[in-house]
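A quick write-up on the structure given underneath.
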Amino acid sequence: MCGITGWVSYDRDLRTEAATVDAMTETMACRGPDDRGTWIEGPAALGHRRLAIIDLPGGRQPMTAQTPDGTVVLVYSGEAYNFTELRRELTDRGHRFRTQSDTEVVLRAYLEWGEELAERLNGMYAFALWDGRRDALVMVRDRMGIKPFYYYPTPDGVLFGSEPKAILANPLARARVCLDGLRELFAMIKKPGHAVWDGMYEIEPGAVVTVDRQGLRRRVYWRLETRPHPDDRATTIATVRSLLDDIVRRQLVADVPLCTLLSGGLDSSAMTALAARRLGERGERVRSFAVDFAGLTDSFVPDGLRAAPDTPFVHDVAEDSGTDHRDIVLDVEALADPELRARVLRARDLPVGYGDMDSSLLLLFQAIRGRSTVALSGESADEVFGGYQQFFDEDARRADTFPWLLRWGWHFGDDSDVLSPALTEALDLEGYVAEDYRTAVAGIGRLDGESDFEYRMRQICHLHLTRFVRLLLDRKDRMSMAVGLEVRVPYCDHRLVEYVYNAPWSLKSFDGREKSLLREAAADLIPRSVYDRVKSPYPSTQDPKYGIALQNHAKDLLARPSHPVFDLLDRERVRRAAYRDTPQATQNSRRGLERTLDLALWLDLYRPEVSLT
């Protein structure tokens, strides 16, 4: 998995900047606790922190290849699930390998095919190659944006890293956030290429960015495209199942302990059952883990999102598939710990404001890391197969905006409620979202003869797969890598994404329910209770003591009236939320308090320059 970073400066010899390169590299020690390495030569410096997954002794980085025309150096994060086939093909073409790692396969693939190697990879990855033959840096990100990748152009080159913190460790990078960055924080959208920090960018999913002495160039090697879907229902279901079988088989390859994340929903249950069958063929038993909250199952209160607690369904699947299962039970004291909030913020680099859903995920991953190094997750199946309520809500279908925004406020509250009136006016979130929405839908292809309804559902699917899912993938990556856990996402395999995206909505919901294709493809794998279960999102604590703890932390903050957070927030609104008699009465008060505390902590830890112009 790992963390990568680097610096290209055509006007200097970076061998004099080794201390800075080391500092950039060390910011990501949590992403790669097993090893570290740097490589510096002339205008280029690369840094790597390693989480060893495949070929533990042989996959050290930066990895170099000597050619008659110069050295090629690779720093790589992720997994190429088809590396065995690529290695065989490269061997047939005359390449000789020193290791068994997929890293060396990627390096040799670049020597054979250049930048076009990206089209040949199946996996999750972010990697950079310094090509000394032409003094060029080549940066590549996977198709779905599973692995993060940021860059920061400089007057004579570029800085890059798996996370913003690696770039911000270089004195050339300015820790500054302007209005557009704040808009991205509060808008609940993921604008392609936007990194929030001023002057910093994300390499977009499915893109290659090349930097040389002539400047910076970007090439898109993959995008989600509209194509006809000729298969009938039976063929489509069979194809989905065949793809899932192959995907899970590939993603079970590891030289370290592996497990699954099990929520008792359709997505994770199907994946866990497939993994259990595959490992069972090898005489192995799959480990599974689930998150729970102390007392939640006994005192659960149904709401508009969750009809039942996860635990009974989790245990049905664990028993049915014979997994070695463990529930990770969390209490309010742990969730509300200010130091945990600080750890989440350091992992995110930004005050994203997901509250206890981030905190509990970090604690879950931390507990898993004690027993496994790799986990398979059901993340992204809702986006691929159509699992959210907004896919079926008529208001959301008709809305001239991102469909999830309509339901987000209803269920999770409006955390912009605590913003100062001046900032609210300056942000103009409504206008920002509307402009980005028009851009997002403009390039979505339409089939000849496609009905208005089918085309609208295609748009909704496309928006979830290219915008919403990236919010969740980023959350998953940051929380898992903060504890050195690699989380794989089988439902993000681009072959499955392409195939299901182009199936018409009438097929995706042929029985009037969410994720119809996945349910039928996995019908023989899962217990009946899970087959019949209605979609339920990642859990959140219902314990009122959590809201009270938020209030107490906010009261401590209010006692510091000169804190810079009150340049952004309305102190009176924060006070009302902090002193409300029933903090759990509205989601707005809870979400607003979580956002307040995150913003204040971010300002304390990162000391960013915040500009409202």
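Any value given below was found using the heavy atoms of this structure, including those in side chains, with hydrogens, waters and symmetry copies removed.
- Considering only residues two or more places apart in sequence or on other chains, Tyr388 meets the ring-ring contact (aromatic ring centres under 6.0 Å, His included) condition with His464, Phe468.
- Under a 3.5 Å cut-off, the side chain of Asp477 and the backbone N or O of Ser480 do not form any donor-acceptor pair.
- In terms of the salt bridge (Lys or Arg N to Asp or Glu O under 4.0 Å) criterion, residue partners of Arg277 (sequence neighbours excluded) are, by chain and number, Asp524.
- Checked against side-chain hydrogen bond (donor to acceptor under 3.5 Å, both in side chains), Asp358 has the following partners two or more places apart in sequence or in another chain: Arg348, Arg475.
- A salt bridge is absent between Asp245 and Arg278; no separation between the charged side-chain nitrogens and carboxylate oxygens falls under 4.0 Å.
- Counting only distance, with no hydrogens or angles, the side chain of Arg143 and the backbone of His494 share no donor-acceptor pair below 3.5 Å.
- For Arg249, the side-chain hydrogen bond (donor to acceptor under 3.5 Å, both in side chains) criterion is met by Asp246, not counting sequence neighbours.
- Ring pair Phe160/Phe149 is perpendicular by interplanar angle, where above 60° counts as perpendicular and below 30° as parallel.
- Note on Glu383 versus Lys190: no salt bridge recorded, every NZ/NE/NH1/NH2 to OD/OE distance being 4.0 Å or above.
- Panel note: side chain Asp142, backbone Lys147; a donor-acceptor pair is recorded below 3.5 Å.
- Scored by the side chain to side chain contact (heavy atoms under 4.5 Å, CB included) test, Pro192 finds Glu204, Arg467, Arg470 as partners (sequence neighbours excluded).
- Across all their heavy atoms, Ile189 and Leu471 have their closest contact at O-CD2, 3.8 Å.
- For the salt bridge (Lys or Arg N to Asp or Glu O under 4.0 Å) test, no residue two or more places apart in sequence or in another chain qualifies with Glu498.
- Partners of Thr84 according to the side chain to side chain contact (heavy atoms under 4.5 Å, CB included) rule, which considers only residues two or more places apart in sequence or in another chain, are Arg88.
- Looking only at side-chain heavy atoms (C-beta outward), Trp113 and Leu86 come within less than 4.5 Å of each other.
- Contact check on Arg519 versus Glu514 returns a salt bridge, with a Lys/Arg side-chain nitrogen under 4.0 Å from an Asp/Glu carboxylate oxygen.
- Taking the six-membered ring where the residue is Trp, Trp505 and Phe391 present parallel rings, their angle staying beneath 30° rather than reaching 60°.
- With rounding to the nearest 0.5 Å, the separation of OG in Ser516 from CZ in Phe385 is 10.5 Å.
- Asp493 pairs by the salt bridge (Lys or Arg N to Asp or Glu O under 4.0 Å) definition with Arg495, not counting sequence neighbours.
- Geometrically, Arg250 does not engage Tyr81 in a cation-pi contact, judged by NZ or CZ lying under 6.0 Å from the ring centre and within 45° of the ring axis.
- Partners of Ala399 under the side chain to side chain contact (heavy atoms under 4.5 Å, CB included) rule, at least two apart in sequence or in another chain, are Thr401, Leu406.
- With values rounded to the nearest 0.5 angstrom, Leu423 atom CG is found 7.0 Å from Leu179 atom CG.
- By the 4.0 Å N-to-carboxylate-O rule, Arg120 lies too far from Glu116 to be salt-bridged with it.
- Under the side chain to side chain contact (heavy atoms under 4.5 Å, CB included) criterion, Asp598 pairs with Arg341, Pro351, not counting sequence neighbours.
- With values rounded to the nearest 0.5 angstrom, Gln251 atom CD is found 7.5 Å from Asn122 atom CG.
- Considering only residues two or more places apart in sequence or on other chains, Glu435 meets the salt bridge (Lys or Arg N to Asp or Glu O under 4.0 Å) condition with none of them.
- The minimum heavy-atom distance between Leu496 and Pro490, with the atom names listed, is CD2-O, 4.5 Å.
- Across Thr236, Ile237, Thr235, a single residue satisfies side-chain contact (heavy atoms from CB on, under 4.5 Å) together with Thr239, and that is Thr235.
- The ring-ring contact (aromatic ring centres under 6.0 Å, His included) search around His462 returns Tyr501, not counting sequence neighbours.
- For the pair Arg346 and Asp349, the salt-bridge criterion is not met [side-chain N within less than 4.0 Å of a carboxylate O].
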